[in-house]
There are 2 protein chains.
Amino acid sequence: MTERMQNAADAGPGPHYLALRDHLAGEIAQGALAVGARLPSERQLQLGSGAARGTVREALFQLEAEGLIYRRDRSGWYVSPPPVVYDPTRWAGFMAYVAEQGRVPTTETLGKQSVAASAADAAVFGCAIGTPLFALDRRRAIDGRPVLVERILVDPVIAPDLLDEGLDGSLTAVLTGRYGVRVVRNHVEMRPCALIKDVARALGVASGTPGLLVVRRSFDAGDRIIEYDHEYWRHDAIRVLVEVRTRD
Amino acid sequence: MTERMQNAADAGPGPHYLALRDHLAGEIAQGALAVGARLPSERQLQLGSGAARGTVREALFQLEAEGLIYRRDRSGWYVSPPPVVYDPTRWAGFMAYVAEQGRVPTTETLGKQSVAASAADAAVFGCAIGTPLFALDRRRAIDGRPVLVERILVDPVIAPDLLDEGLDGSLTAVLTGRYGVRVVRNHVEMRPCALIKDVARALGVASGTPGLLVVRRSFDAGDRIIEYDHEYWRHDAIRVLVEVRTRD
DNA sequence: GAGTGGTCTAGACCACCTT
DNA sequence: AGGTGGTCTAGACCACTCA
(Lines give C-alpha, C1' and ligand atoms only; values in the text may rest on other atoms or scores of the structure.)
Protein backbone atom coordinates (compact mmCIF):
# COMPACT_ATOMS: atom_id res chain seq x y z
CA MET A 1 0.00 0.00 0.00
CA THR A 2 2.67 2.46 0.90
CA GLU A 3 4.28 1.52 -2.34
CA ARG A 4 1.09 1.82 -4.29
CA MET A 5 0.11 5.22 -2.96
CA GLN A 6 3.49 6.80 -2.71
CA ASN A 7 5.39 5.40 -5.64
CA ALA A 8 2.76 5.83 -8.28
CA ALA A 9 3.74 8.09 -11.15
CA ASP A 10 7.41 7.22 -10.98
CA ALA A 11 7.61 7.98 -14.65
CA GLY A 12 8.46 11.70 -14.74
CA PRO A 13 12.04 12.79 -14.33
CA GLY A 14 11.44 14.98 -11.27
CA PRO A 15 14.19 16.48 -9.13
CA HIS A 16 17.67 14.96 -9.21
CA TYR A 17 17.69 14.29 -5.50
CA LEU A 18 14.62 12.07 -5.85
CA ALA A 19 16.28 10.11 -8.64
CA LEU A 20 19.26 9.52 -6.38
CA ARG A 21 16.89 8.61 -3.56
CA ASP A 22 15.18 6.05 -5.77
CA HIS A 23 18.53 4.61 -6.79
CA LEU A 24 19.69 4.19 -3.20
CA ALA A 25 16.30 2.92 -2.05
CA GLY A 26 16.49 0.32 -4.78
CA GLU A 27 19.91 -0.86 -3.64
CA ILE A 28 18.60 -1.18 -0.10
CA ALA A 29 15.50 -3.08 -1.22
CA GLN A 30 17.55 -5.47 -3.33
CA GLY A 31 20.03 -6.08 -0.56
CA ALA A 32 22.98 -4.59 -2.40
CA LEU A 33 23.15 -2.41 0.70
CA ALA A 34 22.46 -4.74 3.63
CA VAL A 35 20.98 -3.76 6.99
CA GLY A 36 23.60 -1.99 9.02
CA ALA A 37 25.81 -1.44 5.99
CA ARG A 38 27.47 1.88 5.52
CA LEU A 39 26.64 3.95 2.49
CA PRO A 40 29.36 5.46 0.33
CA SER A 41 30.48 8.84 1.62
CA GLU A 42 28.66 11.93 0.44
CA ARG A 43 31.60 12.95 -1.68
CA GLN A 44 31.73 9.55 -3.32
CA LEU A 45 28.02 9.70 -4.07
CA GLN A 46 28.68 13.11 -5.56
CA LEU A 47 31.14 11.64 -8.05
CA GLY A 48 28.84 8.76 -8.89
CA SER A 49 25.85 11.00 -9.53
CA GLY A 50 27.42 14.16 -10.88
CA ALA A 51 25.36 16.24 -8.46
CA ALA A 52 26.50 18.87 -6.00
CA ARG A 53 27.00 17.74 -2.44
CA GLY A 54 23.94 19.63 -1.25
CA THR A 55 21.80 17.69 -3.68
CA VAL A 56 23.28 14.41 -2.52
CA ARG A 57 22.49 15.36 1.05
CA GLU A 58 18.90 16.15 0.14
CA ALA A 59 18.51 12.60 -1.15
CA LEU A 60 20.00 11.26 2.09
CA PHE A 61 17.69 13.42 4.23
CA GLN A 62 14.74 12.09 2.30
CA LEU A 63 15.75 8.49 2.97
CA GLU A 64 16.35 9.37 6.61
CA ALA A 65 12.86 10.86 6.91
CA GLU A 66 11.46 7.65 5.46
CA GLY A 67 13.35 5.64 8.06
CA LEU A 68 15.47 3.73 5.54
CA ILE A 69 18.83 5.08 6.66
CA TYR A 70 20.29 6.86 9.66
CA ARG A 71 23.50 8.66 10.42
CA ARG A 72 26.13 8.40 13.06
CA ASP A 73 27.34 11.92 13.65
CA ARG A 74 30.40 12.61 11.55
CA SER A 75 30.87 8.94 10.93
CA GLY A 76 28.59 8.12 8.03
CA TRP A 77 25.20 6.98 6.80
CA TYR A 78 23.95 3.47 7.51
CA VAL A 79 21.02 1.28 6.50
CA SER A 80 18.46 1.20 9.31
CA PRO A 81 17.65 -2.06 11.07
CA PRO A 82 13.95 -3.03 11.21
CA PRO A 83 11.89 -1.27 13.90
CA VAL A 84 10.66 -2.92 17.06
CA VAL A 85 6.94 -3.05 17.67
CA TYR A 86 5.69 -1.19 20.70
CA ASP A 87 2.23 -2.00 22.02
CA PRO A 88 1.18 0.37 24.79
CA THR A 89 -1.78 -1.85 25.64
CA ARG A 90 0.50 -4.77 26.42
CA TRP A 91 3.08 -2.82 28.29
CA ALA A 92 5.72 -5.24 29.51
CA GLY A 93 8.75 -3.00 29.74
CA PHE A 94 11.42 -2.25 27.17
CA MET A 95 13.77 -5.06 28.16
CA ALA A 96 10.98 -7.63 27.85
CA TYR A 97 9.37 -6.71 24.58
CA VAL A 98 12.59 -6.01 22.74
CA ALA A 99 13.97 -9.41 23.80
CA GLU A 100 10.68 -11.05 22.77
CA GLN A 101 11.28 -9.77 19.26
CA GLY A 102 14.66 -11.43 19.07
CA ARG A 103 16.68 -8.28 19.60
CA VAL A 104 19.18 -7.43 22.31
CA PRO A 105 18.10 -4.57 24.60
CA THR A 106 20.50 -2.70 26.86
CA THR A 107 19.98 0.12 29.31
CA GLU A 108 22.45 2.64 30.60
CA THR A 109 21.80 5.08 33.41
CA LEU A 110 23.02 8.53 32.44
CA GLY A 111 22.16 10.21 35.70
CA LYS A 112 19.96 10.12 38.75
CA GLN A 113 19.20 13.10 40.89
CA SER A 114 16.63 14.96 42.85
CA VAL A 115 15.10 17.88 40.97
CA ALA A 116 12.59 20.58 41.82
CA ALA A 117 9.18 20.14 40.21
CA SER A 118 8.52 22.55 37.37
CA ALA A 119 5.10 24.06 36.88
CA ALA A 120 4.22 21.31 34.40
CA ASP A 121 5.53 18.58 36.69
CA ALA A 122 3.63 20.00 39.64
CA ALA A 123 0.41 19.86 37.65
CA VAL A 124 1.00 16.19 36.86
CA PHE A 125 2.03 15.17 40.37
CA GLY A 126 -0.51 17.40 42.07
CA CYS A 127 2.21 18.92 44.21
CA ALA A 128 3.62 22.40 44.73
CA ILE A 129 6.16 23.87 42.32
CA GLY A 130 9.64 23.19 43.64
CA THR A 131 8.73 19.97 45.44
CA PRO A 132 11.64 17.54 45.14
CA LEU A 133 11.21 14.70 42.65
CA PHE A 134 13.54 11.91 41.64
CA ALA A 135 14.72 12.21 38.05
CA LEU A 136 16.26 9.27 36.25
CA ASP A 137 17.93 9.74 32.88
CA ARG A 138 18.58 6.62 30.86
CA ARG A 139 19.69 5.65 27.39
CA ARG A 140 18.47 2.45 25.85
CA ALA A 141 19.84 0.57 22.89
CA ILE A 142 18.79 -2.27 20.62
CA ASP A 143 21.54 -4.51 19.27
CA GLY A 144 24.02 -1.91 20.47
CA ARG A 145 22.44 1.01 18.65
CA PRO A 146 21.02 3.71 20.93
CA VAL A 147 17.34 4.15 20.13
CA LEU A 148 15.94 6.30 22.91
CA VAL A 149 16.76 8.49 25.86
CA GLU A 150 14.27 9.01 28.62
CA ARG A 151 13.74 10.96 31.78
CA ILE A 152 11.55 9.37 34.40
CA LEU A 153 10.16 11.35 37.31
CA VAL A 154 9.06 9.54 40.48
CA ASP A 155 7.63 10.92 43.68
CA PRO A 156 10.12 10.26 46.52
CA VAL A 157 7.18 9.59 48.82
CA ILE A 158 6.44 6.45 46.83
CA ALA A 159 10.01 5.14 46.61
CA PRO A 160 12.21 6.86 49.21
CA ASP A 161 15.46 5.03 48.44
CA LEU A 162 14.95 4.69 44.71
CA LEU A 163 18.21 6.34 43.73
CA ASP A 164 20.18 3.68 45.64
CA GLU A 165 18.65 0.84 43.60
CA GLY A 166 20.06 -0.76 40.49
CA LEU A 167 18.21 1.07 37.75
CA ASP A 168 19.54 -0.48 34.57
CA GLY A 169 16.67 -2.93 34.31
CA SER A 170 12.96 -2.47 34.60
CA LEU A 171 12.03 0.44 36.82
CA THR A 172 8.48 -0.83 37.07
CA ALA A 173 9.83 -4.13 38.41
CA VAL A 174 11.74 -2.25 41.12
CA LEU A 175 8.71 -0.20 42.08
CA THR A 176 6.52 -3.28 42.18
CA GLY A 177 8.94 -5.65 43.88
CA ARG A 178 10.66 -3.34 46.32
CA TYR A 179 7.96 -0.81 47.11
CA GLY A 180 4.79 -2.83 46.58
CA VAL A 181 3.38 -0.44 44.04
CA ARG A 182 0.64 -1.70 41.72
CA VAL A 183 0.13 0.05 38.41
CA VAL A 184 -3.46 -0.23 37.18
CA ARG A 185 -3.59 2.47 34.55
CA ASN A 186 -1.26 3.73 31.87
CA HIS A 187 -1.66 6.93 29.94
CA VAL A 188 0.48 7.09 26.81
CA GLU A 189 0.87 10.03 24.46
CA MET A 190 2.90 10.06 21.28
CA ARG A 191 3.91 12.62 18.76
CA PRO A 192 6.55 13.13 16.12
CA CYS A 193 9.22 15.61 17.17
CA ALA A 194 12.72 16.69 16.33
CA LEU A 195 15.66 15.40 18.36
CA ILE A 196 17.69 18.40 19.40
CA LYS A 197 20.39 19.50 21.80
CA ASP A 198 20.89 17.20 24.83
CA VAL A 199 18.75 14.47 23.39
CA ALA A 200 20.46 14.52 20.02
CA ARG A 201 23.85 14.47 21.71
CA ALA A 202 22.93 11.55 23.94
CA LEU A 203 21.74 9.52 20.96
CA GLY A 204 24.71 10.49 18.84
CA VAL A 205 22.50 11.95 16.13
CA ALA A 206 22.55 15.31 14.41
CA SER A 207 20.36 17.95 15.97
CA GLY A 208 17.09 18.10 14.07
CA THR A 209 16.95 14.40 13.30
CA PRO A 210 13.30 13.33 13.26
CA GLY A 211 12.11 11.46 16.34
CA LEU A 212 9.09 10.27 18.24
CA LEU A 213 8.23 11.50 21.71
CA VAL A 214 6.40 9.04 23.94
CA VAL A 215 5.05 10.36 27.24
CA ARG A 216 3.90 7.72 29.70
CA ARG A 217 2.12 8.18 33.00
CA SER A 218 1.44 5.23 35.30
CA PHE A 219 -1.14 5.34 38.06
CA ASP A 220 -2.02 3.03 40.94
CA ALA A 221 -5.49 2.06 42.16
CA GLY A 222 -5.74 5.28 44.16
CA ASP A 223 -4.98 7.26 40.99
CA ARG A 224 -1.67 8.37 42.42
CA ILE A 225 0.90 8.92 39.72
CA ILE A 226 3.69 6.38 39.93
CA GLU A 227 5.91 7.11 36.95
CA TYR A 228 6.04 10.10 34.62
CA ASP A 229 8.24 9.25 31.69
CA HIS A 230 9.41 11.10 28.57
CA GLU A 231 10.98 8.87 25.94
CA TYR A 232 12.67 10.38 22.91
CA TRP A 233 12.94 7.73 20.22
CA ARG A 234 14.76 7.61 16.92
CA HIS A 235 11.80 7.59 14.61
CA ASP A 236 12.99 4.66 12.56
CA ALA A 237 13.44 2.38 15.57
CA ILE A 238 9.84 2.09 16.64
CA ARG A 239 6.47 1.14 15.28
CA VAL A 240 3.42 1.61 17.48
CA LEU A 241 0.69 -0.98 17.46
CA VAL A 242 -2.60 -0.83 19.31
CA GLU A 243 -5.17 -3.57 19.34
CA VAL A 244 -8.59 -2.59 20.66
CA ARG A 245 -11.78 -4.51 21.27
CA THR A 246 -14.74 -2.24 20.77
CA ARG A 247 -16.82 -2.04 23.91
CA ASP A 248 -20.41 -3.21 23.58
CA MET B 1 9.70 18.53 30.22
CA THR B 2 10.31 18.86 26.53
CA GLU B 3 11.58 22.28 27.32
CA ARG B 4 13.69 21.11 30.18
CA MET B 5 15.35 18.28 28.34
CA GLN B 6 15.69 19.84 24.96
CA ASN B 7 16.41 23.46 25.70
CA ALA B 8 18.99 22.95 28.42
CA ALA B 9 22.42 24.33 27.61
CA ASP B 10 21.12 27.16 25.49
CA ALA B 11 24.21 29.12 26.45
CA GLY B 12 26.69 28.20 23.70
CA PRO B 13 26.52 30.08 20.43
CA GLY B 14 25.99 26.99 18.26
CA PRO B 15 25.11 27.05 14.59
CA HIS B 16 23.50 30.15 13.12
CA TYR B 17 20.46 28.27 11.93
CA LEU B 18 19.66 27.23 15.50
CA ALA B 19 19.95 30.84 16.67
CA LEU B 20 17.45 31.84 14.00
CA ARG B 21 15.28 28.89 14.98
CA ASP B 22 15.31 30.05 18.60
CA HIS B 23 14.43 33.57 17.54
CA LEU B 24 11.46 32.47 15.47
CA ALA B 25 10.36 29.94 18.10
CA GLY B 26 10.38 32.76 20.63
CA GLU B 27 8.19 34.94 18.47
CA ILE B 28 5.73 32.10 18.08
CA ALA B 29 5.70 31.36 21.81
CA GLN B 30 5.14 35.01 22.67
CA GLY B 31 2.38 35.35 20.13
CA ALA B 32 4.19 37.90 17.98
CA LEU B 33 3.52 35.30 15.28
CA ALA B 34 -0.01 34.06 15.90
CA VAL B 35 -1.40 30.67 14.97
CA GLY B 36 -2.02 30.58 11.24
CA ALA B 37 0.09 33.68 10.66
CA ARG B 38 2.45 33.76 7.77
CA LEU B 39 6.15 34.09 8.39
CA PRO B 40 8.23 36.63 6.52
CA SER B 41 9.52 35.27 3.22
CA GLU B 42 12.80 33.42 3.19
CA ARG B 43 14.49 36.30 1.44
CA GLN B 44 13.23 38.76 4.01
CA LEU B 45 14.49 36.55 6.84
CA GLN B 46 17.79 36.49 5.00
CA LEU B 47 18.07 40.27 5.20
CA GLY B 48 17.05 40.33 8.83
CA SER B 49 19.55 37.70 9.87
CA GLY B 50 22.44 38.29 7.49
CA ALA B 51 22.57 34.57 6.70
CA ALA B 52 22.51 32.85 3.35
CA ARG B 53 19.16 31.59 2.17
CA GLY B 54 20.18 27.97 2.67
CA THR B 55 20.87 28.70 6.31
CA VAL B 56 17.51 30.38 6.72
CA ARG B 57 15.86 27.34 5.21
CA GLU B 58 17.66 25.05 7.64
CA ALA B 59 16.11 26.98 10.51
CA LEU B 60 12.68 26.68 8.90
CA PHE B 61 13.10 22.93 8.35
CA GLN B 62 14.01 22.55 11.99
CA LEU B 63 10.86 24.33 13.10
CA GLU B 64 8.85 22.27 10.66
CA ALA B 65 10.28 19.04 12.08
CA GLU B 66 9.29 20.23 15.54
CA GLY B 67 5.75 20.85 14.33
CA LEU B 68 5.79 24.59 15.01
CA ILE B 69 5.40 25.72 11.43
CA TYR B 70 4.29 24.25 8.13
CA ARG B 71 4.48 25.32 4.51
CA ARG B 72 2.03 25.69 1.74
CA ASP B 73 3.85 24.72 -1.40
CA ARG B 74 5.28 27.80 -3.10
CA SER B 75 3.09 30.03 -1.00
CA GLY B 76 4.91 30.49 2.27
CA TRP B 77 5.53 29.31 5.81
CA TYR B 78 2.79 29.47 8.45
CA VAL B 79 2.45 28.91 12.18
CA SER B 80 0.90 25.51 12.85
CA PRO B 81 -2.47 25.25 14.57
CA PRO B 82 -2.61 22.99 17.64
CA PRO B 83 -2.88 19.25 16.93
CA VAL B 84 -6.03 17.21 17.43
CA VAL B 85 -5.89 14.32 19.83
CA TYR B 86 -6.48 10.90 18.36
CA ASP B 87 -7.35 8.05 20.70
CA PRO B 88 -7.44 4.71 18.90
CA THR B 89 -9.08 3.08 21.92
CA ARG B 90 -12.05 5.42 21.67
CA TRP B 91 -12.44 5.31 17.99
CA ALA B 92 -15.44 7.41 17.04
CA GLY B 93 -14.56 8.47 13.52
CA PHE B 94 -12.71 11.52 12.30
CA MET B 95 -15.77 13.75 11.91
CA ALA B 96 -16.86 13.03 15.48
CA TYR B 97 -13.68 13.46 17.44
CA VAL B 98 -12.46 16.49 15.55
CA ALA B 99 -15.80 18.23 16.15
CA GLU B 100 -15.67 17.20 19.81
CA GLN B 101 -12.45 19.16 20.11
CA GLY B 102 -14.07 22.31 18.82
CA ARG B 103 -12.58 22.13 15.35
CA VAL B 104 -14.29 21.94 11.98
CA PRO B 105 -13.72 18.66 10.10
CA THR B 106 -14.39 18.24 6.40
CA THR B 107 -14.03 15.30 4.07
CA GLU B 108 -13.60 15.23 0.35
CA THR B 109 -13.74 12.13 -1.81
CA LEU B 110 -10.86 12.11 -4.27
CA GLY B 111 -11.80 8.93 -6.00
CA LYS B 112 -13.60 5.61 -5.70
CA GLN B 113 -12.89 2.61 -7.80
CA SER B 114 -12.53 -1.10 -7.91
CA VAL B 115 -8.92 -2.28 -7.79
CA ALA B 116 -7.19 -5.63 -7.98
CA ALA B 117 -5.79 -6.88 -4.66
CA SER B 118 -2.00 -6.67 -4.45
CA ALA B 119 -0.02 -9.40 -2.76
CA ALA B 120 -0.07 -7.42 0.50
CA ASP B 121 -3.79 -6.72 0.24
CA ALA B 122 -4.51 -10.36 -0.49
CA ALA B 123 -2.67 -11.37 2.66
CA VAL B 124 -4.77 -8.98 4.73
CA PHE B 125 -8.10 -9.91 3.16
CA GLY B 126 -7.31 -13.59 2.92
CA CYS B 127 -8.20 -13.57 -0.76
CA ALA B 128 -6.39 -14.32 -3.99
CA ILE B 129 -4.13 -11.76 -5.62
CA GLY B 130 -6.12 -9.82 -8.18
CA THR B 131 -9.46 -10.19 -6.41
CA PRO B 132 -11.46 -6.98 -6.91
CA LEU B 133 -11.62 -4.65 -3.89
CA PHE B 134 -13.29 -1.29 -3.46
CA ALA B 135 -10.79 1.51 -2.97
CA LEU B 136 -11.84 4.85 -1.58
CA ASP B 137 -9.44 7.80 -1.62
CA ARG B 138 -10.33 10.73 0.59
CA ARG B 139 -8.80 13.94 1.82
CA ARG B 140 -9.74 15.31 5.21
CA ALA B 141 -9.22 18.77 6.59
CA ILE B 142 -9.44 20.53 9.93
CA ASP B 143 -10.53 24.16 9.89
CA GLY B 144 -9.99 24.13 6.15
CA ARG B 145 -6.40 22.90 6.29
CA PRO B 146 -5.87 19.46 4.74
CA VAL B 147 -4.37 17.16 7.37
CA LEU B 148 -4.57 13.67 5.91
CA VAL B 149 -5.23 11.62 2.84
CA GLU B 150 -6.34 8.06 3.11
CA ARG B 151 -7.10 5.03 1.04
CA ILE B 152 -9.66 2.61 2.40
CA LEU B 153 -10.07 -0.86 1.02
CA VAL B 154 -13.34 -2.73 1.53
CA ASP B 155 -14.36 -6.19 0.38
CA PRO B 156 -17.24 -5.84 -2.13
CA VAL B 157 -18.79 -8.96 -0.64
CA ILE B 158 -19.46 -7.02 2.54
CA ALA B 159 -20.84 -3.86 0.92
CA PRO B 160 -21.81 -4.57 -2.70
CA ASP B 161 -23.12 -1.10 -3.57
CA LEU B 162 -20.68 0.88 -1.48
CA LEU B 163 -19.42 3.04 -4.31
CA ASP B 164 -22.92 4.39 -4.90
CA GLU B 165 -23.23 5.69 -1.35
CA GLY B 166 -22.43 9.17 -0.09
CA LEU B 167 -18.93 8.72 1.25
CA ASP B 168 -18.03 12.15 2.56
CA GLY B 169 -19.04 11.32 6.10
CA SER B 170 -18.29 8.37 8.30
CA LEU B 171 -17.65 5.21 6.31
CA THR B 172 -18.09 3.13 9.43
CA ALA B 173 -21.56 4.64 9.85
CA VAL B 174 -22.47 3.61 6.30
CA LEU B 175 -21.18 0.08 6.82
CA THR B 176 -23.03 -0.21 10.11
CA GLY B 177 -26.28 1.43 9.11
CA ARG B 178 -26.65 0.26 5.54
CA TYR B 179 -24.97 -3.14 5.62
CA GLY B 180 -25.46 -4.20 9.23
CA VAL B 181 -21.77 -4.67 9.87
CA ARG B 182 -20.57 -4.72 13.47
CA VAL B 183 -16.96 -3.85 14.19
CA VAL B 184 -15.69 -5.51 17.36
CA ARG B 185 -11.95 -5.19 16.96
CA ASN B 186 -9.61 -2.50 15.69
CA HIS B 187 -5.97 -2.97 14.87
CA VAL B 188 -4.05 0.29 14.59
CA GLU B 189 -0.44 0.73 13.57
CA MET B 190 1.45 4.02 13.46
CA ARG B 191 4.81 5.13 12.31
CA PRO B 192 6.55 8.31 11.27
CA CYS B 193 7.09 8.54 7.55
CA ALA B 194 7.84 11.03 4.81
CA LEU B 195 5.03 12.41 2.68
CA ILE B 196 6.04 11.99 -0.90
CA LYS B 197 4.67 12.03 -4.42
CA ASP B 198 0.88 11.55 -4.69
CA VAL B 199 0.34 12.02 -1.01
CA ALA B 200 2.40 15.17 -0.82
CA ARG B 201 0.63 16.57 -3.84
CA ALA B 202 -2.81 15.80 -2.43
CA LEU B 203 -1.94 17.55 0.83
CA GLY B 204 -0.30 20.47 -0.94
CA VAL B 205 2.99 19.93 0.88
CA ALA B 206 6.51 19.58 -0.41
CA SER B 207 7.66 16.06 -1.07
CA GLY B 208 9.64 14.84 1.90
CA THR B 209 7.60 16.71 4.49
CA PRO B 210 7.50 14.62 7.67
CA GLY B 211 4.28 12.75 8.29
CA LEU B 212 2.65 10.00 10.29
CA LEU B 213 1.24 6.86 8.73
CA VAL B 214 -1.72 5.30 10.52
CA VAL B 215 -2.86 1.89 9.32
CA ARG B 216 -6.22 0.72 10.63
CA ARG B 217 -7.89 -2.64 10.24
CA SER B 218 -11.41 -3.24 11.52
CA PHE B 219 -12.81 -6.71 12.11
CA ASP B 220 -16.28 -8.05 12.87
CA ALA B 221 -17.21 -10.78 15.35
CA GLY B 222 -16.31 -13.46 12.81
CA ASP B 223 -12.85 -11.89 12.44
CA ARG B 224 -13.68 -10.88 8.90
CA ILE B 225 -11.83 -7.73 7.89
CA ILE B 226 -14.24 -4.86 7.35
CA GLU B 227 -12.02 -1.87 6.60
CA TYR B 228 -8.37 -1.66 5.72
CA ASP B 229 -7.29 1.95 5.90
CA HIS B 230 -4.03 3.83 5.30
CA GLU B 231 -4.03 7.39 6.60
CA TYR B 232 -1.16 9.73 5.80
CA TRP B 233 -1.17 12.59 8.29
CA ARG B 234 0.73 15.82 8.46
CA HIS B 235 2.84 15.12 11.48
CA ASP B 236 2.00 18.36 13.24
CA ALA B 237 -1.77 17.84 13.00
CA ILE B 238 -2.10 14.81 15.23
CA ARG B 239 -1.23 13.66 18.70
CA VAL B 240 -1.90 10.07 19.63
CA LEU B 241 -3.21 9.23 23.06
CA VAL B 242 -3.82 5.79 24.50
CA GLU B 243 -5.32 5.10 27.88
CA VAL B 244 -4.96 1.55 29.15
CA ARG B 245 -6.17 -0.23 32.25
CA THR B 246 -3.70 -2.91 33.18
CA ARG B 247 -5.39 -6.30 33.21
CA ASP B 248 -5.40 -8.09 36.55
C1' DG C 1 46.24 12.82 10.03
C1' DA C 2 42.98 11.61 6.72
C1' DG C 3 38.32 11.38 5.99
C1' DT C 4 33.65 12.20 7.46
C1' DG C 5 29.60 14.77 8.01
C1' DG C 6 28.01 19.67 9.76
C1' DT C 7 27.66 24.30 8.57
C1' DC C 8 27.74 28.14 5.53
C1' DT C 9 28.15 31.29 1.43
C1' DA C 10 26.53 33.57 -2.86
C1' DG C 11 24.93 33.06 -6.38
C1' DA C 12 21.33 30.88 -10.23
C1' DC C 13 17.04 29.25 -12.69
C1' DC C 14 12.62 27.15 -12.35
C1' DA C 15 7.56 26.01 -11.37
C1' DC C 16 4.04 27.59 -9.24
C1' DC C 17 0.93 30.67 -6.40
C1' DT C 18 -0.99 35.06 -5.85
C1' DT C 19 -2.91 39.31 -7.29
C1' DA D 1 3.67 39.99 -13.52
C1' DG D 2 5.86 39.72 -9.41
C1' DG D 3 6.96 37.10 -5.54
C1' DT D 4 7.27 32.64 -3.35
C1' DG D 5 9.38 28.45 -2.30
C1' DG D 6 11.91 24.33 -4.80
C1' DT D 7 16.04 22.90 -6.74
C1' DC D 8 20.81 23.19 -7.80
C1' DT D 9 25.79 24.57 -8.19
C1' DA D 10 30.60 24.99 -6.59
C1' DG D 11 32.95 26.15 -3.71
C1' DA D 12 34.73 26.80 1.67
C1' DC D 13 36.03 25.88 6.61
C1' DC D 14 35.13 23.43 10.83
C1' DA D 15 34.49 19.68 14.49
C1' DC D 16 34.67 15.43 14.98
C1' DT D 17 35.58 10.21 14.24
C1' DC D 18 38.43 6.65 13.16
C1' DA D 19 42.42 4.09 12.19
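All chains are named by letter (A, B, ...) in the order of the sequence lines, taking the proteins before the strands, and each is independently numbered beginning at 1. Side chains included, hydrogens not; waters and symmetry mates left out as well; all remaining heavy atoms used.
- With sequence neighbours excluded, the residues forming a ring-ring contact (aromatic ring centres under 6.0 Å, His included) with A:Tyr70 are A:Tyr78, listed by chain and number.
- Partner B:Trp233 forms a side-chain contact (heavy atoms from CB on, under 4.5 Å) with one of B:Val199, B:Val214, B:Val149 and no other, that one being B:Val214.
- Residues meeting the side-chain hydrogen bond (donor to acceptor under 3.5 Å, both in side chains) test with B:Ser49, sequence neighbours left out: none.
- Counting only residues at least two apart or in different chains, side chain to side chain donor-acceptor pair (under 3.5 Å) contacts with residues 25-40 of chain A are absent.
- When DNA chain C is scanned 5' to 3' for any atom under 4.0 Å from a heavy atom of chain A, the first and last hits are C:dT4 to C:dT7.
- The side-chain hydrogen bond (donor to acceptor under 3.5 Å, both in side chains) test applied to A:Arg217 returns no partner, not counting sequence neighbours.
- In terms of the side-chain hydrogen bond (donor to acceptor under 3.5 Å, both in side chains) criterion, A:Glu58 has no residue partners (sequence neighbours excluded).
- Heavy-atom distances under 4.0 Å link DNA chain C to A:Arg53, A:Arg57 of residues 47-57 of chain A, given in residue order.
- Sorted by first and then second residue, the salt bridge (Lys or Arg N to Asp or Glu O under 4.0 Å) pairs with a member in residues 42-52 of chain B read B:Glu42-B:Arg53, B:Glu42-B:Arg57; sequence neighbours excluded.
- For A:Arg74, the salt bridge (Lys or Arg N to Asp or Glu O under 4.0 Å) criterion is met by no residue, not counting sequence neighbours.
- With sequence neighbours excluded, the residues satisfying side-chain hydrogen bond (donor to acceptor under 3.5 Å, both in side chains) with B:Asp229 are B:Arg216.
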Taking protein heavy atoms under 4.0 Å as touching, what does nucleotides 14-19 of chain D look like 5' to 3' if B marks base contact, S marks sugar-phosphate-only contact and - marks none?
-> -BSSS-

Per-pair distances, 0.1 Å, donor-acceptor, side chain in residues 104-112 of chain A, under 3.5 Å, sequence neighbours excluded:
residue, atom, partner, partner atom, Å
A:Thr107, OG1, A:Arg140, NE, 2.9
A:Thr107, OG1, A:Arg140, NH2, 3.3
A:Glu108, OE1, A:Arg139, NE, 3.0
A:Glu108, OE1, A:Arg139, NH2, 3.3
A:Glu108, OE2, A:Arg139, NH2, 2.8
A:Thr109, OG1, A:Asp168, OD1, 2.4
A:Lys112, NZ, A:Leu163, O, 2.8

